[in-house]
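Worksheet for the structure shown next.
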Amino acid sequence: MQLIYEKSFPGRRGTSLPELDVPAGNALPPTLLRQKPAELPEVSELDGVRHFVNLSRRNVSVDTCFYPLGSCTMKYNPKFHDRIADLPGFADLHPLLPQLRHGGALTQGALAVLYETETLLCDLLGFAAFTMQPLAGAHGELTGVMMMAAYHKDRGEKRSVMLIPDSAHGTNPASAALAGFEARTIGTDANGNTDVEALRRALSKDVAGIMLTCPSTLGLFDPNIREICRCVHEAGGLVYGDGANFNALLGRVRPGDLGVDVAHVNLHKTFATPHGGGGPGAGPVGVCEKLVPYLPTSRVMKRADGSYVLEYQFPKTIGYIAPFYGNFGVIVKAYAYMLTLGRDGLRRVSDAAVLNANYLRAHLRQAYHEPFDRPCMHECVLSAKHQIKQGVHALDIAKALLDAGFHPPTIYFPLVVPEAIMIEPTETESKQTLDAFIQAMLDIARLAETDPARVKAAPRTTPVARLDETRAARSLDLASRPAAP
Amino acid sequence: MPYVAMTESEKQQMLAQVGVGSLDELWRQILGAETLPSFERLPCGSSELKVTRHLAGLAHRNATDLMCFVGSGFYDHFIPAVVGEVAGRTEFSTSYTPYQPEVSQGTLQAIYEYQSAICRLTDMEVANASMYDGGTAFFEAMMMAVRITGRRRAVVLGSVSPIYRTMLQCYCSNLDVELVMTPPALQADVRSIADLLTPDTACVMVQYPNVFGVVEDWRPLIEAARERQVLSVCSAYPMALARLMPPGQMGFDVVTGEGQSLGLPLSFGGPYLGFLATWMKYVRKMPGRICGRTVDQNGKPGFVLTLQAREQHIRREKAMSNICTNEGLCALRALAYLTFVGKQGLVDVADVCAAKAVFAREQLLRIEGVRGYDVPFFNEFVIRLPVEAGEVVGRMIERGFAAGFPLGRYFADRRNELLVAVTEKRTREDIRGLAAALEAVLNECR
């Protein structure tokens with residue numbers, strides 16, 4: 001498809017803009033004016049609409065097909081939440097309003113949303129407080145480990161090492177590094193659990209804590225998690241819980257009860273904000289009592305008279321990690337989602353997510369290698385170990401699924417499983433959809449036996465075939481430049 | 001069972017095929033002895049209608065008819081309906097990060113076009129696929145300068161938004177990076193700042209226009225920095241760039257900014273959009289996702305995420321940044337805004353903002369006791385009141401105006417100063433109303 005810039009025609013206009021009803025003029029410095037306008041598109045509204053609608057048709061999405069991308073929780077999100085976030089009382093609200101005198105009275109509804117969402121999340125995860133500020137999951141990780149750093153610093157302890165199991169989320173080591181920690185990897189045992197003996201050996205006065213992903217990226221619940229938390233606490237460390245996979249635990253298990261000290265959840269994975277082709281999301285962070293003093297400022301408090309107010313005076317706070325109060329438009333949706341489902345509905349989410357994943361596992365393990373023979377949680381991790389013998393890799397299986405009308409699972413992650421295929425069906429898919437996907441996976445496995453070349457030739461039905469990624473990285477073409485005058 | 005498709009009979013069939021008798025049995029196999037938690041605050045579920053009513057009630061408790069002259073980096077610009085319409089296509093909103101390029105060409109081409117738009121607006125060579133917000137982008141730019149120069153000191157001008165300065169301080173608290181903040185001034189004294197650019201300085205960081213709305217010529221400072229091999233980083237207001245000399249032409253090494261003014265609602269602080277652009281020579285030190293154009297097996301043009309070896313999921317603790325997501329849908333909105341407003345439209349919007357700001361300033365300076373500064377500005381300016389500005393703002397709110405931001409909240413020596421922003425949405429009557437209300441309030445205060 002042509003670029004929007006290639007569809008431009010000089011002088012063409014898209015929309016009508018507010019008129020000038022005051023004398024023309026400006027207070028710009030004449031020596032600092034732009035010499036010619038930026039070469040932005042020049043299209044009619046219709047041409048622009050066609051461009052974007054046709055672009056959108058070159059995507060597959062949850063709304064068009066099954067999207068079992070492991071670790072990403074690509075579930076269906078109720079549509080009415082989008083409408084709620086668009087209400088003028090929310091969408092048009094200036095974030096500085098509550099910081100003006102008497103401005104708090106004009107933002108009570110928005111402050112209530114923040115406070116009440118925090119309250120519900122505390123209940124759901126078993127924490128003392130939440131900050132709604134982190135703007136994404138990895139941002140939540142960073143916020144959490146910064147609080148861990150502040151906690152140790154406050155106690156006069158120098159702890160520079162962060163332990164990270166190799167089955168944890170891929171973003172964890174970078175988040176730990178940005179909070180000044182040295183990341184040290186802990187291995188996985190033969191059952192797919194964190195190697196507790198290796199952990200015990202690694203613990204010392206230098207260890208600030210551990211970053212656990214629960215359930216792990218293997219889709220497994222670690223039965224030793226309470227023991228792990230106990231060991232880390234005994235050594236003076238703290239436990240960070242990466243809650244990106246919290247969809248599996250909704251209403252069933254509270255990280256705070258397990259001994260986790262601080263955790264983030266992804267409102268875009270678990271709580272009704274669609275992924276948007278990569279954001280925006282939100283990664284609120286919950287903490288146990290002893291970490292409350294280190295939460296970012298500002299915080300929303302509820303007064304005795306039931307009104308809400310922003311508070312800033314927290315001497316031990318890590319400071320400002322976001323410009324305001326978080327991705328409010330995302331938080332509103334999470335609040336509406338929790339109210340709609342309620343405690344029972346949320347539990348049905350994890351019930352169905354876990355049953356769906358185990359149902360896929362029960363069928364697919366006939367044809368695909370299963371690294372750990374035990375019930376999974378919200379996602380099942382298989383591998384292309386059997387198929388490699390015919391030269392068919394996880395990537396080829398993924399591409400063949402595209403031709404079958406499915407978005408592929410996550411592949412080559414987690415790193416601990418070679419040729420990994422990580423399938424997360426989520427709770428919103430019906431049995432018919434799962435059955436169709438199982439059929440496609442089994443067909444591909446058969447084809448890998450009988451005609452591996454055909455699998456490797458996939459995809460044939462997509463808007464483009466396999467792309468030349470080496471060329472993309474070698475001869476970088478990262479922006480379209482205006483034609484020379 | 002809202003949003004869960006499974007019926008009771010299907011559940012039984014599926015349990016049987018999994019080989020367990022009940023859900024409880026499956027959970028026991030997974031969780032062992034963990035028992036069900038009991039909830040104190042979570043209510044029982046509600047219908048769509050009931051939840052909508054509740055949330056609409058909360059939205060109604062927020063001000064929707066307040067006349068907004070508050071900016072400070074976040075502006076109430078007009079958003080054409082078509083922007084939300086195309087960005088709301090659920091093929092965009094319900095897809096993931098485009099890791100499978102064959103079925104994500106829509107998202108990928110949109111990112112490429114967004115990167116191109118940011119490059120054209122800033123006059124830089126390369127932009128990433130977006131970041132969380134202007135503040136995090138500003139921090140990432142600083143870290144980029146640290147990586148490029150191998151130096152660990154940053155000089156940040158006092159005329160950078162205090163919101164961003166406090167964010168920088170927070171992020172640097174565990175990193176071995178020294179932040180030097182210069183005293184806030186309406187216009188920078190280049191010579192004294194240049195003296196701070198020591199051989200161990202990675203970058204000097206400015207805002208364009210600055211937090212007081214003042215448009216400054218940064219070329220002398222950039223020149224002084226370059227002589228000392230110090231990089232220059234700016235945070236720019238993209239709407240102003242429609243009219244102002246682009247940062248690339250000015251000579252900045254890294255350009256960042258808050259993209260909210262490009263078609264994103266204020267939404268009480270987010271989601272917003274951070275942009276970051278630089279020169280090709282620095283592309284491998286740039287954080288965040290990048291989309292590149294290439295060809296498929298058959299030679300057909302297409303797009304992929306590229307240079308992923310810099311990113312956290314590959315490089316782990318040695319990554320450029322821990323940033324994982326971009327703000328995909330927000331970047332799409334910004335692209336749609338720039339497309340439909342278009343080349344001349346963006347200039348027109350900027351002109352209307354600038355003209356209305358001049359008009360507003362004239363109206364306000366006519367009020368007895370109100371003074372201004374004789375400095376160049378785009379659509380935001382400082383006025384000095386005869387009394388404390390915070391108090392005046394409070395009284396103006398009761399009259400239906402968010403009259404501006406009282407600078408005393410950030411700068412102790414500017415207690416009587418008010419920062420007023422004017423966008424194309426404010427009419428001549430709105431501005432006259434602001435002036436009349438301010439005059440009345442000042443009379444009350446005297």
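Every heavy atom of this structure was used, including side-chain atoms; hydrogens, water molecules and symmetry mates were not. Lettering follows sequence order; numbering is per chain, from 1.
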What part of [X] is in contact with chain A, defined as an atom under 4.5 angstrom from a non-hydrogen atom: side chain, backbone, both or neither?
X	value
B/V126	side chain
B/A357	neither
B/P43	both

*Could you go through the side-chain contact (heavy atoms from CB on, under 4.5 Å) check for A/H94 and B/D76 one step at a time?*
CA-CA 8 Å; A/H94 198 292; B/D76 183 26; 5.7 Å; no

*Could you give me the CA-CA distance, side-chain angles and deciding distance for B/K343 and A/E39, then say whether salt bridge (Lys or Arg N to Asp or Glu O under 4.0 Å) is met?*
CA-CA 6 Å; B/K343 177 179 174 180; A/E39 289 294 335; 3.3 Å; yes

*Do the numbers put B/R120 on top of the ring of A/Y5, so that NZ or CZ is under 6.0 Å from the six-membered ring centre and no more than 45° off the axis?*
yes

_Check against salt bridge (Lys or Arg N to Asp or Glu O under 4.0 Å), A/R101 and B/E391_ = CA-CA 7 Å; A/R101 210 165 296 173; B/E391 172 63 23; 3.0 Å; yes

Residue part contacting chain B, namely of [X], when any heavy atom lies under 4.5 Å:
X	value
A/P29	both
A/R361	neither
A/E182	neither
A/L87	side chain

So do [Y] and [X] actually touch side chain to side chain, heavy atoms under 4.5 Å?
X	Y	result
B/T90	A/P274	no
A/N327	B/E327	yes
B/K300	A/P463	no

*Candidate pair A/Y67 and B/Q100, rule side-chain contact (heavy atoms from CB on, under 4.5 Å), full reasoning*: CA-CA 11 Å; A/Y67 209 122; B/Q100 294 290 337; over 6 Å; no

*Taking all heavy atoms of A/Q108 and all of B/N62, pick out the closest pair and write down the distance.*
N-OD1, 3.6 Å

*Which atom pair, heavy atoms only, marks the closest approach of B/N322 to A/T171?*
O-CG2, 4.4 Å

Any chance the side chains of [X] and [Y] put a donor and an acceptor closer than 3.5 Å?
X	Y	answer
A/D477	B/Y112	yes
A/R58	B/Q109	no
B/T107	A/N59	yes

*Candidate list B/K425, B/K356, B/R428, test salt bridge (Lys or Arg N to Asp or Glu O under 4.0 Å), partner A/D21, passing option*: B/K356

*If the plane angle is over 60° it's perpendicular, under 30° parallel, otherwise tilted; pick one for A/F328 and B/F268.*
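Perpendicular, since the angle between the ring planes exceeds 60°.
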
*Give the ring-plane orientation class for B/Y132 versus A/H139, where under 30° counts as parallel, over 60° as perpendicular and anything between as tilted.*
tilted

*Any donor-acceptor N/O pair, A/T15 side chain to B/P80 backbone, under 3.5 Å*: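 The answer is no, because no donor-acceptor pair under 3.5 Å joins these two groups.
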
*Answer yes or no: is there a donor N or O on one side and an acceptor on the other, between the side chain of A/D123 and the main chain of B/R41, under 3.5 Å?*
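Yes; judged by distance alone, with no hydrogens or angles, the pair exists.
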
*Among B/T306, B/L15, B/V103, B/V304, who wins on heavy-atom pairs under 4.5 Å with chain A?*
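Between B/T306, B/L15, B/V103, B/V304, the count favours B/V103.
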
*Distance (rounded to the nearest 0.5 Å) between B/D348 CG and A/E19 CD*: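 It comes to 12.0 Å.
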
*Before giving the answer on side-chain contact (heavy atoms from CB on, under 4.5 Å), spell out for A/M377 and B/W27 the whole-Å C-alpha distance, their side-chain angles and the decisive distance to 0.1 Å.*
CA-CA 9 Å; A/M377 290 204 81; B/W27 278 115; 3.5 Å; yes

